[in-house]
Amino acid sequence: MSHHYLEFRNVRYRYPGGQEALCGISLRITHGEKVALAGVNGAGKSTLLLHTDGLLMPSEGEVIVGGVTLRRQTLRLVRQSVGVVFQNPDDQLFMPTVEEDVAFGPANMGLSPDEIEARVARALESVGASALRHRAPHTLSGGQKRSVAIAAVLAMEPSVLVLDEPTAALDPRARRQVIELLRGFDHTMIVATHDMDMIGELCPRTIVMARGRIVADGPTRQVFADRAEVESWGLEPPRNR
Ligand SMILES: Nc1ncnc2c1ncn2[C@@H]1O[C@H](COP(=O)(O)OP(=O)(O)OP(=O)(O)O)[C@@H](O)[C@H]1O
Ligand SMILES: [Mg+2]
């Protein structure tokens, strides 16, 4: 079975002491799809994405990656194929230097030093961050941190790439570079974003969330066709869909 697909079956999640943030999410994303996850602040996008590699475990329902149901016992296995870029890069970068941060994942995978070096160089190059290699991550700008966080996940060469707001805080050139990079990623990808124009350019399919539920799921053009409905979700259609 392909390890590139991702499925949620009636997933519910409640934060400890909080309200229900996912209220019965079902979706299936198959090999090679590029899917946008849209919705206003607090809709549940990040909560959903944190379920894709078991950073959060469903209160009810199941998350299945390539036929493997996420459980404590399968976490390691699933994390070999799913790479998550967090909404806040500070949650991702914790080593003394950028190169160590990017090497961390590949090293954990038990790769050879040559292979690790090759992946670090390639990943940093792909996000235009080679010059930051020896810097301390906490000294970087917000956009630089984000680029490095993306490189750190790409270096693991995941077969399912999950990104939470990958273009937030990026200047136009860095944003363009990330979009082109993601466009070239030929595995499965799900990206939560408020960057509607990126959705139009990058994602043939869009899932819209509101208050912990999926309110639309289909071809991007179709999902954003009815302006009144789009406005009722608190969104605007991409200008270039
Ligand atoms: N750690 C937490 N503890 C309690 N409630 C939380 C926590 N994180 C998020 N929530 C709540 O869960 C709901 C969904 O939040 P989530 O972060 O998934 O939204 P989002 O769609 O990613 O929003 P944004 O566009 O602002 O990133 C919100 O009501 C939020 O207040
Ligand atoms: Mg979020």
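Only heavy atoms go into these numbers, but all of them, side chains included; no hydrogens, no water, no symmetry mates. Remember, it's 1-based here, ligands and their atoms both numbered in the order they're listed.
When all heavy atoms of L163 and L182 are compared, the closest pair comes out as CD1-CD2, 4.0 Å. Closest of all the heavy-atom pairs between R175 and L170 is N-CB, 3.8 Å.
Evaluation of the ring-ring contact (aromatic ring centres under 6.0 Å, His included) test over residues 70-96, restricted to residues two or more places apart or in two chains, returns F94-F104.
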(message) Test side-chain hydrogen bond (donor to acceptor under 3.5 Å, both in side chains) on S46 and Q87; report intermediate values, then the result.
(response) CA-CA 7 Å; S46 295; Q87 183 160 9; 2.7 Å; yes

(request) Decide side-chain hydrogen bond (donor to acceptor under 3.5 Å, both in side chains) for S26 and N10; before the verdict, give the C-alpha distance in whole Å, the side-chain angles of both, and the deciding distance to 0.1 Å. (result) CA-CA 5 Å; S26 295; N10 203 21; 4.7 Å; no

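In this structure, R133 does not pair ionically with E125, as no charged nitrogen and carboxylate oxygen lie closer than 4.0 Å.
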Tabulation required: pairs of a nitrogen or oxygen in ligand 1 and a protein nitrogen or oxygen under 3.5 Å; columns are atom names and distance to 0.1 Å; otherwise 'none'.
residue  : atom   : partner : partner atom : Å
ligand 1 : 18 (O) : S46     : N            : 3.4
ligand 1 : 18 (O) : T47     : N            : 2.9
ligand 1 : 18 (O) : T47     : OG1          : 2.5
ligand 1 : 19 (O) : G44     : N            : 3.3
ligand 1 : 21 (O) : A43     : N            : 3.2
ligand 1 : 21 (O) : G44     : N            : 2.9
ligand 1 : 21 (O) : K45     : N            : 2.9
ligand 1 : 21 (O) : K45     : NZ           : 2.8
ligand 1 : 22 (O) : S46     : N            : 2.9
ligand 1 : 22 (O) : S46     : OG           : 2.9
ligand 1 : 23 (O) : G42     : N            : 2.8
ligand 1 : 25 (O) : N41     : ND2          : 3.2
ligand 1 : 25 (O) : K45     : NZ           : 2.7
ligand 1 : 25 (O) : H194    : NE2          : 2.8
ligand 1 : 26 (O) : N41     : ND2          : 2.9
ligand 1 : 27 (O) : Q87     : OE1          : 3.1
ligand 1 : 27 (O) : Q87     : NE2          : 3.0

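With a 6.0 Å cutoff to the six-membered ring centre and a 45° limit on the axis angle, R28 does not count as a cation-pi contact of F8.
With sequence neighbours excluded, the residues satisfying side chain to side chain contact (heavy atoms under 4.5 Å, CB included) with T97 are E99, E100.
Protein N/O/S atoms closer than 2.8 Å to the Mg ion (ligand 2): S46 OG, Q87 OE1.
The side chain to side chain contact (heavy atoms under 4.5 Å, CB included) with M209 is formed by just one residue from the set L48, D217, V215; it is L48.
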